[in-house]
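One structure below.
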Amino acid sequence: MPFIPHTEAEVRRMLEVIGVRHLDALFDEIPAALRAPPPQGVPEGLPEMAVRRIARRRAAQDRQPVSFLGAGCYEHHIPAAVWQIAARGEFYSAYTPYQAEASQGTLQVIYEFQSMLSALTGLAVSNASLYDGATATAEAALMAVRQRRRDAAHRVLVPHTLHPLYRRVLSTLLAPQGIELTLLDYDPDQGHLPEHALEGVSGGFDALLLPQPNFLGVLEPVDTLTRAAQARGALVIGVVNPIALARLAPPGEWGEAGADIACGEGQPLGIPMSSGGPGFGFLTCRRPLMRQLPGRLVGRTVDLDGKPGYTLTLQAREQHIRRGRATSNICTNQGLMATAATLYLALLGPDGLERVADCCLARTHALVEALTGLPGVQSALRGPHFHEAVLRLDRPVAPVLQALEDHGILGGHDLSADYPELGNALLVCATEMRDEVDIEYYRDSLAAVLNTRPDPVPSP
Amino acid sequence: MPFIPHTEAEVRRMLEVIGVRHLDALFDEIPAALRAPPPQGVPEGLPEMAVRRIARRRAAQDRQPVSFLGAGCYEHHIPAAVWQIAARGEFYSAYTPYQAEASQGTLQVIYEFQSMLSALTGLAVSNASLYDGATATAEAALMAVRQRRRDAAHRVLVPHTLHPLYRRVLSTLLAPQGIELTLLDYDPDQGHLPEHALEGVSGGFDALLLPQPNFLGVLEPVDTLTRAAQARGALVIGVVNPIALARLAPPGEWGEAGADIACGEGQPLGIPMSSGGPGFGFLTCRRPLMRQLPGRLVGRTVDLDGKPGYTLTLQAREQHIRRGRATSNICTNQGLMATAATLYLALLGPDGLERVADCCLARTHALVEALTGLPGVQSALRGPHFHEAVLRLDRPVAPVLQALEDHGILGGHDLSADYPELGNALLVCATEMRDEVDIEYYRDSLAAVLNTRPDPVPSP
Amino acid sequence: TDPMLIFEQAREGRRAAAQAPERPTRVPALPEAFRRRKRPALPEVSELQAVRHYTRLSQLNFSIDTHFYPLGSCTMKYNPRGCHAVASEPGFAERHPLAPSTTGQGMMACLHELQDWLTAITGMGDTSLAAMAGAQGEFCGVAMIMAWHAGRGDHQRNEILVPDAAHGTNPATAALCGCTVREIPTGPDGDVDMGALHEALGPRTAGIMLTNPSTVGVFERRIREMADAVHAAGGLLYYDGANLNAILGRVRPGDMGFDVMHLNLHKTFSTPHGGGGPGAGAVCVSERLRPYLPVPQVAREPDGRFRWLQEGDRPHTIGRLSAFGGNIGVLLRAWAYTRMLGREGLPRVADYATLNANYLMARLQAEGFQVAYPERRASHEFVLTLKSEARELGVTALDFSKALLDHGIHAPTMYFPMLIPECLLIEPTETESLAELDAFVAAMVAIREAARRDPEQVRGAPYRLPVRRLDEVRAARQPDLAWRPEAAPDP
Amino acid sequence: TDPMLIFEQAREGRRAAAQAPERPTRVPALPEAFRRRKRPALPEVSELQAVRHYTRLSQLNFSIDTHFYPLGSCTMKYNPRGCHAVASEPGFAERHPLAPSTTGQGMMACLHELQDWLTAITGMGDTSLAAMAGAQGEFCGVAMIMAWHAGRGDHQRNEILVPDAAHGTNPATAALCGCTVREIPTGPDGDVDMGALHEALGPRTAGIMLTNPSTVGVFERRIREMADAVHAAGGLLYYDGANLNAILGRVRPGDMGFDVMHLNLHKTFSTPHGGGGPGAGAVCVSERLRPYLPVPQVAREPDGRFRWLQEGDRPHTIGRLSAFGGNIGVLLRAWAYTRMLGREGLPRVADYATLNANYLMARLQAEGFQVAYPERRASHEFVLTLKSEARELGVTALDFSKALLDHGIHAPTMYFPMLIPECLLIEPTETESLAELDAFVAAMVAIREAARRDPEQVRGAPYRLPVRRLDEVRAARQPDLAWRPEAAPDP
C-alpha cells in the first residue's frame with residue numbers, strides 16, 4: 001500500500017483498541033446509501049517509476065522553443081542554489097507557521113522577504129505574499145476602498161495599459177463588492193497614459209492603478225499622475241516588475257508623497273514559469289495602511305528569555321480571527337515561492353539585480369534594433385520602454401508567429417485582440433537569457449518568414 | 001569575484017593585521033622565477049548562467065536512446081527521494097567523518113549501509129565503500145593474499161567469465177605487488193566455469209574469484225567451486241550484483257562455509273550511470289578477516305554519558321595511521337554514493353528489491369524470447385542466466401548495433417573482441433525500465449536491420 | 001548561536017556570487033525622471049553565506065519530512081518526492097503561459113486527466129483547476145451560487161448560512177461575495193442543529209457552506225435531509241473540501257446533494273504546503289453550475305488535442321481568478337499523486353486516516369483524556385478538550401501544545417473549533433505509523449504528569465526549541481515587520 | 001530523542017513505498033540450487049519513515065553548507081550548487097558507459113577541456129582523469145615512475161623518498177607499488193633537510209613524493225635545487241596535489257621541476273566531499289611520462305570528434321584504474337567550477353586562501369597562540385601548536401578541537417603533521433569571510449579562558465552536539481559494525 005505504513009498485524013491491534021472488528025465499521029455513522037464504490041473514472045495505481053515515465057514523455061513533448069515572450073511572465077536565470085535549498089523538506093513540507101517556536105526557519109525567511117520587498121518598492125510594510133500579481137492588484141484596490149471608508153467612491157481607475165488579464169481578474173474579484181472599474185485611455189502613439197489623464201475623469205475615485213513599466217513595456221509618467229491622483233484624495237497603487245525596480249524609481253518615491261501601495265508578480269525572482277503558476281503576488285504599502293493589508297504578516301519580537309524571534313502577527317486582520325470582517329479570505333498564500341524569491345535576492349544582491357535589469361534592458365533594445373532593421377517591421381510606440389517593446393508589422397501577426405514557430409521561435413505576444421488600435425502589433429521581450437546569437441537568429445528567421453510568406457491572410 | 005567574499009576594505013584591514021602592503025607580499029617566499037602568469041590555456045570566467053547553458057546544450061546532445069546495455073552498469077529506476085535527500089548540503093558538503101561528534105548523520109548512515117550490505121551478501125562485516133566494483137575486486141584479492149601470510153602463493157584464479165574490464169584493473173593494481181593472475185577457462189557452450197574447473201590448476205593459489213551472475217549473465221556453480229577452492233586452502237571471493245542478491249543465494253551461504261569475501265559494483269542501488277562513475281565498490285567479509293579490510297569502517301559505541309553513537313573505527317588498518325604498512329592507500333572513498341544506496345535500500349526494502357530483481361529476470365527472459373524468435377538470432381549459451389544473456393547472430397555484431405542506433409536503440413554489448421570463441425555474440429540486458437513496448441520495438445527494429453542489411457562486412 | 005539576519009551578514013561592496021550575468025557593455029540610457037536614485041537595501045553576501053544561512057534556517061522548522069505534524073484540518077501527510085520530480089521536469093517547469101497550446105499538450109494532458117479524476121472522485125459534473133488555494137475555491141463557489149441565482153433573476157438571495165464551527169474562510173468568503181452571513185449552531189451531538197437550520201432557511205437564502213465530516217470531526221448524518229431542506233428553500237449547497245481526506249473514494253459530495261465544492265489539493269492530494277503555500281483549490285460543480293465555472297479550463301477537442309477554454313468559450317463564467325492558468329506546478333503534483341494512488345488507493349486514504357484518528361482517540365480516552373464527542377466516531381480527526389486539565393492543573397491547551405513541541409511533535413490545531421473550550425483538533429493522517437501515534441499518546445500522558453508535578457514548568461514550555469514562547473503582544477503592539485539599514489527611518 | 005536505526009523502525013510486512021515496480025506476472029524459475037532461501041534483513045519502512053529518518057540524520061552533520069570547516073589539508077571550501085546542477089543534467093547522468101561515443105560527445109567535450117585546462121594550470125605535458133581519488137592518483141604516479149625506470153631497463157630503483165611530514169597515503173602508495181620508503185626529515189625552518197636529502201639519493205632512488213607548499217604549511221623554497229638533485233641522481237619527482245589550492249594559477253608544479261602529479265579535484269576544484277567521497281584524482285605528467293598514462297583518456301580526432309583512448313592506443317600505459325572512465329560526475333563538476341572561475345579566477349583562489357590563512361595566523365599570534373613556524377609565511381594553511389596550553393592548563397589540541405565544535409566551528413586537522421606536538425593544522429580557504437575568521441579567533445580565546453577557569457569543563461567538551469565524546473577504545477576493542485536482527489548471530 002503506497003504511503004500507508006500499516007502492517008496487517010498492526011491494523012488488527014488498532015481495531016481491537018478501538019473495539020471494532022473491521023475497518024468498515026469505522027464508517028458506520030455514514031448512511032449506507034451514501035457509500036460509493038472506488039471511483040471507476042480513475043485508472044489503477046502505478047508505481048513512481050511508471051508515473052514519472054509518463055510525465056517525462058509528456059514533458060519532453062512540451063520542450064520550449066527560443067522564446068521572446070514576456071507579457072507578465074519572464075524567463076530569467078534561476079541560480080541552482082535557489083531550488084536546491086527551497087525544496088529542502090523543512091521548507092517544502094512545513095505548514096503555515098502557526099506554531100512560531102517550531103517554525104523559526106520559515107518565519108525568519110518571510111521576515112527577510114518582507115524586508116527585501118519593502119526595500120525594492122520603497123514602502124514600509126510588505127505582507128508574506130498573495131497568489132499572483134493579478135490578485136495582488138485586486139487586493140490592493142480593495143485596500144484602497146477600505147482605507148477610504150465613508151469617503152469611498154467604490155470606484156478604481158484602471159489604465160488601458162495595465163495587463164489585460166489583470167483587468168479581467170479585477171472584474172471577477174471586485175464586481176461582487178460593487179466596485180466600479182473605470183478604464184483610462186492611453187496615447188497609442190506614445191504607449192502610455194497622457195500626463196493629464198485624470199483631467200477627463202469626473203467624479204470621485206478611490207485609487208489609481210499605475211503599471212510601471214506598463215503592459216506595453218513603456219514607462220508611465222508616474223510622478224505627475226501620482227500627484228494628480230493624490231490631489232484628488234485617491235490612493236495610488238503601483239503595479240511593478242521587481243526586476244525593473246533595480247533601475248526604476250520605486251513606488252515609494254513617486255510624485256511627492258510616494259505611491260500608497262505597490263504590488264505585482266514575483267515570478268521573475270527565481271521562480272520557473274510553469275505555464276504561469278505558481279508564482280506569487282507581492283503587496284507593500286505605507287505604514288498607515290498596515291492594518292488594511294490582507295494576508296500573512298511576520299513580525300520580529302522577543303521570547304521569554306528576551307531572545308529575538310519571529311511570529312505571525314496582526315492576525316486580527318485575518319479570516320481565522322475576524323471571519324466575515326477580515327481584510328480578505330486569503331489563508332494559504334505562496335510561501336515557498338516567497339522563500340525562493342528571498343534566496344534569489346540574497347544570491348544576487350543589489351549589484352546582481354542591477355545586472356539582470358541592465359541585461360534585459362540592453363537585450364530588448366538590441367532586439368528592437370535588429371528587428372526594425374527589417375523592411376515591414378517598425379517600432380510602434382514612441383514612449384521610453386524598459387524590457388519589453390511593441391513592434392508593428394506590415395501584415396497580421398498571428399500567421400507570422402505561427403511561421404516563426406516552425407523556426408523554433410516563440411516570437412512574442414500578439415496584441416491585436418487586446419489593442420486593435422495599435423494595428424498589427426507584437427509585444428516582444430528579451431531577458432538576460434537571450435543572447436546575441438538568439439537575437440540574430442530571430443532576425444534571420446523573421447526575415448525569411450516575411451519574405452517567403454507575403455501576407456497570405458487579408459488584414460481584418 | 002565569484003565565491004570570494006572579501007570587500008576591498010576588508011582586504012586592506014587584513015593586510016594591515018598581517019603587516020604587509022599588498023597581497024603579492026604574501027608570496028614573497030616563493031622564488032620569483034617560479035611565479036607564473038594566469039594560465040592562458042584556460043578561458044575567461046563565465047557566470048553560472050552561461051556555464052549551465054553550455055552544459056545543457058552538450059548534455060542535450062548526449063540524450064540516450066532506448067538501451068539494452070548492461071555489462072556491469074545498469075539502468076534502474078531511482079526513486080526521487082534518493083537524490084533529493086542525498087544531495088542535501090549536510091551530506092553533500094561534509095568531509096570524511098573524522099570528528100565523530102559533528103558527523104553523526106554520515107556515521108549512522110554508513111553504519112546502516114554496512115548493515116545492509118552485510119545482510120545482502122550474508123557476510124558479517126562490510127566496509128564503508130571503495131571506488132568501484134573493479135577496484136573492490138582487486139582489494140579483495142589483496143586481502144586474500146595478506147590473510148594467507150606466510151602460506152601465500154601470490155596467485156589468484158580469475159575466471160574468464162569475470163568482467164573483462166575488471167580483469168584489466170586487476171592486472172594494473174596487482175602486478176606491482178608481484179601477484180600472478182591465472183585465467184580459468186569456461187565452458188563456451190554453457191557459459192560458465194565447469195564444476196571441475198580447479199582440477200586442472202596445479203600449484204597453490206590464494207583466492208578464487210567467483211562472479212555471480214558472471215559477465216555473460218550466466219550463473220556459476222558457486223557451491224561446488226567454493227568447496228573445491230576452500231579444500232585447497234584458498235579463499236573464495238564472490239563478485240556479485242546487489243540487485244540479483246535479492247533472489248540469488250548470498251556468498252555467505254555458498255558451499256559449506258560460505259565465501260570468505262564478497263565484492264561488487266554498487267551502482268545498481270540508486271546511482272545514475274553517469275558514463276560509469278561515480279558508483280561505488282562494496283566489500284564484505286567474514287569476521288576473522290575484519291582486520292584485513294581496506295578502507296573506512298564505522299562502529300557503534302557509546303559516548304561519555306553512555307548514549308549510543310557512531311565513529312570511524314579500526315583505523316590502525318589505514319594509511320593515515322599505519323602509513324607504509326596500511327591495508328591499502330585508500331583514503332577518500334565514495335561516501336555519498338553509499339548514502340544514496342542506503343536510501344535506495346531503505347525505500348525499497350526486501351520486498352521492493354525482490355520485485356526489481358524479478359522484473360529484471362522476467363524482462364531479460366522476455367527479451368531473449370522475443371529476439372530469438374527472429375531468424376538469424378539464437379541463444380548462445382545453455383547455462384541458466386539471470387538478468388543478462390548472450391545472443392548469437394548470423395553475422396558480425398558491430399554493424400548490426402550501428403544500424404540499431406539509427407532506430408534509437410542501444411542493442412547491447414558486442415562480445416566479439418573479448419570472447420571471440422563465442423562467435424558473433426551480443427550481450428543483452430533488460431531491467432525493470434524496459435517494458436513490453438520497448439522489447440517489441442527492439443524485436444521489430446532488429447528484424448528490419450537483419451532483413452535490410454545482409455552482412456555488409458565479411459566476418460573477421 | 002542565534003541566527004543573524006541575512007542583512008546583518010552583508011558588507012557593502014561584496015560581490016561573491018556567480019549568479020548574476022555579466023554587466024552588458026552598452027546599456028541604453030533611461031530618462032533621468034524614471035531612474036532609481038538609491039540602490040535597494042538588499043543584502044550583499046557571498047554565495048556561501050546565502051547557502052549557509054538558508055540551509056541553517058531551514059533546520060529550525062518542524063515539517064512533515066522531519067516531525068509528526070497532527071495539525072487538525074490541515075491534512076499534513078507525506079508529500080511524495082516523486083511528485084516534486086514530476087513538476088520539476090524542464091518541459092513542464094520552463095513553459096511560458098502564453099506559448100501556443102502546441103507546446104503544452106503534455107502538461108494539458110495531465111491537467112485534463114486531473115479534471116476528469118476529480119469529477120469522478122467527487123461525484124460532480126465538471127471541474128475547474130483555476131483556483132490557487134482553498135479560499136479562492138470558496139470564492140468561486142459562492143460567486144457561482146450567486147451567478148446562478150442572478151441568472152434566474154432571483155436577486156434577493158444574498159444570505160449564506162454557515163455552521164458556527166466553520167472555518168473562518170467561509171464567512172470571510174461570503175462577505176467578499178457581497179453576502180451576509182448567518183450562523184447555524186451545532187447541536188450537542190456535533191451535528192448541525194436541524195431546527196435552527198430550518199428556521200434560518202427562507203427566500204433570502206442563497207446557500208449554505210458546509211464541510212462533511214464537519215470541523216468538529218464527525219460526519220453530518222442528516223446531510224441528505226439538510227440538502228433537501230436547503231434545495232427546497234431555493235438555496236444551493238457548497239462543500240468545503242478541507243476534510244475530504246476522511247471520505248476520499250468512499251463517499252462522494254455529489255451524492256450527498258452538494259452543488260459545488262472546492263478541494264484543497266495541498267491537503268487531500270498531498271501537494272506540499274511549502275510553509276504557507278502554494279496550494280490549489282480545484283472547484284467541482286454539478287451540471288447546473290457548469291456554465292459559471294471560472295476560466296481557464298482544459299478541454300479536449302474531437303481530434304484529441306487539448307486547448308484552454310477562455311471567456312469566449314464560457315460566456316457565463318464568473319471570470320478569471322489569476323493572470324494565467326492557476327498554480328500549474330501544484331496541479332502536476334496532484335496529478336502524479338492521484339496517478340500513483342489510483343482507483344484502489346483513494347479509498348485506502350480514507351480508511352487509514354480514519355483508522356489512525358479513531359485509534360488515537362480511543363487510546364487517549366483510555367488514558368483519561370476527554371474528547372468533545374465521545375459518543376461519536378472520529379472521522380479523520382477529532383477534538384480533545386482539556387478543560388478539566390485547565391481547571392484542575394492550570395495547564396491549558398496552549399501549554400500542552402507547546403510542551404508537545406519539546407517532545408518532537410508538532411502541536412495539533414488549538415482553540416478551533418472555537419465553540420469547544422480548551423480544545424485540540426487532532427488529525428494524524430494515514431501516512432503516520434502506529435509507532436508515531438503511540439509516541440503521541442505517551443507524550444500527552446507525560447505532559448499531564450509533568451503538569452501534576454509542576455504546572456509552572458509546563459507553562460514555560462517549550463524549552464528545547466530555537467526560541468521559547470514569543471511575546472505576541474509586543475509583536476502586535478510594536479510591529480517590526482522589516483529590517484531597516486542602521487538608523488534608517490521607514491521609507 | 002536519540003535517532004533510532006532505520007532497522008528499529010521497521011515492521012515485517014510493511015509495504016508503504018511506491019518505489020518498487022509491480023511484481024511481474026510471470027517470473028522465470030531459477031534453479032533451486034541458486035536461490036536465496038531467506039530474505040536479507042533489510043528494513044521494511046514507509047516512504048515517509050525513510051525520508052524523515054535520513055532528513056533528520058543529515059541535520060546531525062557539520063558541513064560546509066552549515067558550518068565553518070577549517071580542516072587543514074582538506075580544502076573545505078564552498079561547493080557551488082551550479083556544479084551539481086550541471087552534473088545532474090539527464091543527458092550526462094543517464095548515459096551508459098559502454099554506449100557508443102556518438103552518444104557522448106557533449107560529455108567528452110567537457111572532459112577534454114578539463115584535461116587541457118589542468119595541463120595548462122599545472123604546467124605539465126598531459127592529463128588523465130582516470131583516477132577516482134587522490135590516493136589512486138598517487139598510485140598512478142608512482143606506477144608511472146616505476147614504469148619509466150623499467151622502460152629504461154633500470155630495475156634496481158625501488159626506493160621512494162618521502163618527507164617525514166608527508167600524508168600517510170604517500171608511504172602507503174609506495175608500498176602498494178612494491179617500493180620501499182625512505183623518510184627525509186624536516187628542518188627546523190619547515191623546509192626539507194637538504195643534507196639528509198642528498199644523503200638519501202642514490203642509484204636505488206626511484207623518486208621522491210612531495211607536496212609544495214608542504215604539509216607543515218610552508219613553501220619549500222629550495223624546490224628547484226631539490227628537483228635538480230633528484231634528477232641528477234636519476235630519480236623522478238612526484239607532486240602530491242593536496243595543497244595546490246595555495247598556489248593555484250600562481251605557481252606551476254611543472255615549473256618547479258616535477259615529473260608527475262595528481263590533483264584532488266574534490267579539494268582544489270571544489271567538487272563536494274560527500275561525507276567521504278567520491279573524489280577524483282586527475283594525474284598530470286611531463287612529456288616523458290606521457291606514454292605511461294592510465295587509460296581511458298579523451299582524445300580529439302582531427303575531425304573534431306572525441307573518443308576514448310584505450311589500451312590499444314597507449315601500449316605503454318600502466319593500465320586501467322576502474323572498470324569504466326573514472327568518476328565522471330565529479331569531473332563534470334570540476335569542469336563547471338573551472339569554467340566559472342576562468343583564467344582570472346584561478347589565481348584569486350590562491351591569493352585569498354593565502355590571505356585568509358596569514359590573517360588568521362597573525363590574529364592568533366597576536367592573541368598569544370604559538371604557531372609552529374613563526375618566521376615563515378603561511379601558505380593556505382598553517383600549524384598551531386598548543387603544547388604550552390597542554391603543559392600549563394592540561395588542555396590538549398584534542399580538547400580545543402572538541403570545544404570548537406560547541407562554538408559551531410568544525411575542528412581543524414588534529415595531530416598532523418605528527419612531528420609537531422599538540423598541533424592543529426588550520427586551513428580556512430578563500431570562500432570564508434572575515435567575520436568567520438574573527439569568530440574562530442574569538443572561539444579559540446574563549447576556550448583558552450574557559451580552560452584557565454575550569455580545565456575539566458573543556459576536557460568534557462563537546463556538550464551541545466548530538467553526542468558527547470565517544471568511547472573509541474570500546475569501538476575498536478568490541479567492534480559493532482553492523483546491526484543484526486534481534487538475537488541473530490553473525491552470518
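Below, chain A is the first sequence line, B the second, and so on; all start at residue 1.
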Legend entry - Heavy-atom pair count under 4.5 Å with chain C, highest-scoring of A:Ile54, A:Asp305, A:Leu345: A:Asp305

Inset, instruction - Step by step, work out the side-chain contact (heavy atoms from CB on, under 4.5 Å) result for C:Leu71 and A:Gln99. - result: CA-CA 10 Å; C:Leu71 194 65; A:Gln99 290 290 341; 5.6 Å; no

Legend entry - Best-contacting candidate, A:Pro43, A:Gly352, A:Gly41, against chain C by heavy atom pairs under 4.5 angstrom: A:Pro43

Legend entry - Structural part of A:Ala71 lying under 4.5 Å from a heavy atom of chain C: both

Inset, instruction - Check the angle between the aromatic planes of C:Tyr352 and A:His6 and answer parallel, tilted or perpendicular using the 30° and 60° thresholds. - result: tilted

Legend entry - Region of C:Thr55 that comes under 4.5 Å of a non-hydrogen atom in chain A: both

Legend entry - Pairs of heavy atoms under 4.5 Å with chain A: top-ranked of C:Ala50, C:Ser88, C:Ala133: C:Ala133

Inset, instruction - Using non-hydrogen atoms and a 4.5 Å limit, figure out which bit of C:Leu30 sits close to chain A: side chain, backbone, both or neither. - result: side chain

Legend entry - Greatest number of heavy atom pairs closer than 4.5 Å to chain A - which of C:Val330, C:Ile223, C:Ile318, C:Thr119: C:Ile318

Legend entry - Residue part contacting chain A, namely of C:Ala174, when any heavy atom lies under 4.5 Å: neither

Legend entry - Side-chain heavy-atom pair C:Met107, C:Glu89 within 4.5 angstrom cut-off: no

Legend entry - Side chain, backbone, both or neither of A:Asp223 within contact of chain C (heavy atoms, under 4.5 Å): side chain

Inset, instruction - Compute whether any side-chain donor of one residue and acceptor of the other, for C:Gln105 and A:Gln61, lie under 3.5 angstrom apart. - result: no

Legend entry - Heavy-atom contact with chain C under 4.5 Å, split by part of A:Phe386: side chain

Inset, instruction - Let me know if C:Asp116 has heavy atoms under 4.5 Å from chain A in its side chain, its backbone, both or neither. - result: neither

Legend entry - Proximity breakdown for C:Tyr54 and chain A, heavy-atom pairs closer than 4.5 Å: both

Legend entry - Side-chain ion pair, C:Glu430 and C:Arg348, N-O less than 4.0 Å: no

Inset, instruction - Scan side-chain atoms only and decide if C:Asn61 and A:Thr106 contain a donor-acceptor pair under the 3.5 Å cut-off. - result: yes

Inset, instruction - Quick one: which of A:His413, A:His77, A:Glu265, A:Glu75 has the most heavy-atom pairs under 4.5 Å with chain C, could you say? - result: A:His413

Inset, instruction - Please lay out, stage by stage, how A:Arg296 and A:Ile110 fare under the test side-chain contact (heavy atoms from CB on, under 4.5 Å). - result: CA-CA 10 Å; A:Arg296 309 283 183 212; A:Ile110 297 298; over 6 Å; no

Inset, instruction - Report the relative orientation of the aromatic rings in A:His163 and A:Tyr166; use parallel for angles under 30°, tilted for 30 to 60°, perpendicular for over 60°. - result: parallel

Legend entry - Option in C:Ala41, C:Pro294, C:Pro43, C:Ala17 with maximal non-hydrogen atom pairs under 4.5 Å from chain A: C:Pro43

Legend entry - Side chain, backbone, both or neither of A:Leu23 within contact of chain C (heavy atoms, under 4.5 Å): side chain

Inset, instruction - Name the option with the most non-hydrogen atom pairs under 4.5 Å to chain C; the candidates are A:Pro384, A:Ser275, A:Gly349. - result: A:Ser275

Legend entry - Best-contacting candidate, A:Arg57, A:Glu354, A:Arg363, against chain C by heavy atom pairs under 4.5 angstrom: A:Glu354

Inset, instruction - Below 4.5 Å from any heavy atom of chain C, which atoms of A:Val298 appear? Answer side chain, backbone, both or neither. - result: backbone

Inset, instruction - Select one option (side chain, backbone, both, neither) describing which atoms of C:Pro28 are under 4.5 Å from chain A's heavy atoms. - result: both

Inset, instruction - Answer with side chain, backbone, both or neither: which region of C:Lys77 has an atom nearer than 4.5 Å to a non-hydrogen atom of chain A? - result: neither

Inset, instruction - Using the side chain to side chain donor-acceptor pair (under 3.5 Å) rule, take A:Tyr111 and C:Asp480 through it: C-alpha gap first, then chi angles, then the decisive distance, then the call. - result: CA-CA 9 Å; A:Tyr111 179 85; C:Asp480 171 358; 2.7 Å; yes

Inset, instruction - Just do the side-chain contact (heavy atoms from CB on, under 4.5 Å) check on A:Arg58 and C:Cys110 with the steps written out, would you? - result: CA-CA 8 Å; A:Arg58 289 183 177 172; C:Cys110 295; 3.3 Å; yes

Inset, instruction - For the residue pair C:Pro479 and A:Thr313, establish whether any side-chain heavy-atom pair is separated by less than 4.5 Å. - result: no

Legend entry - Basic-acidic side-chain contact under 4.0 Å: C:Arg15, A:Asp351: yes

Legend entry - Interface moiety of C:Tyr69 toward chain A, non-hydrogen atoms closer than 4.5 Å: side chain

Legend entry - Under 4.5 Å from a heavy atom of chain A, the part of C:Gln136 involved: both

Inset, instruction - Count the heavy-atom pairs under 4.5 Å between each of A:Thr172, A:Leu120, A:Thr135, A:Leu165 and chain C, then report the option with the highest count. - result: A:Thr172

Legend entry - Donor on one side chain, acceptor on other, A:Glu112 and A:Thr342, under 3.5 Å: no

Legend entry - Contact winner vs chain A - C:His266, C:Arg26, C:His84, C:Arg363, heavy-atom pairs under 4.5 Å: C:His84

Legend entry - Interchain contact, C:Pro462 with chain A, by part (heavy-atom threshold 4.5 Å): side chain

Legend entry - Pairs of heavy atoms under 4.5 Å with chain A: top-ranked of C:Asn79, C:Leu321, C:Ile6: C:Ile6

Legend entry - Proximal component of C:Ala109, with respect to chain A [non-hydrogen, under 4.5 Å]: both

Legend entry - Segment of C:Leu332 engaging chain A (4.5 angstrom heavy-atom cut-off): neither

Inset, instruction - Find the one option among C:His53, C:Arg14, C:His67, C:Glu22 whose heavy-atom pairs under 4.5 Å with chain A are most numerous. - result: C:His53

Legend entry - NZ or CZ of C:Arg250 within 45° of A:Phe27 ring axis and under 6.0 Å: yes

Inset, instruction - Go through the atoms of C:Leu341 and report whether side chain, backbone, both or neither lie under 4.5 Å from a heavy atom of chain A. - result: both

Inset, instruction - Would you indicate whether A:Arg325, at its atom CZ, is surrounded by more than 12 heavy atoms from other residues, nucleotides or ligands within a distance under 6.0 Å? - result: no

Inset, instruction - Flag the pair A:Arg355 / C:Arg23 as yes when at least one side-chain heavy-atom distance between them is below 4.5 Å, and no otherwise. - result: yes

Inset, instruction - Select one option (side chain, backbone, both, neither) describing which atoms of C:Met76 are under 4.5 Å from chain A's heavy atoms. - result: side chain

Legend entry - Derivation and outcome, side-chain contact (heavy atoms from CB on, under 4.5 Å), residues A:Arg52 and C:Val86: CA-CA 6 Å; A:Arg52 287 193 56 197; C:Val86 162; 4.0 Å; yes

Legend entry - Contact check, side chains of C:Gln59 and A:Arg88, non-hydrogen atoms, under 4.5 Å: yes

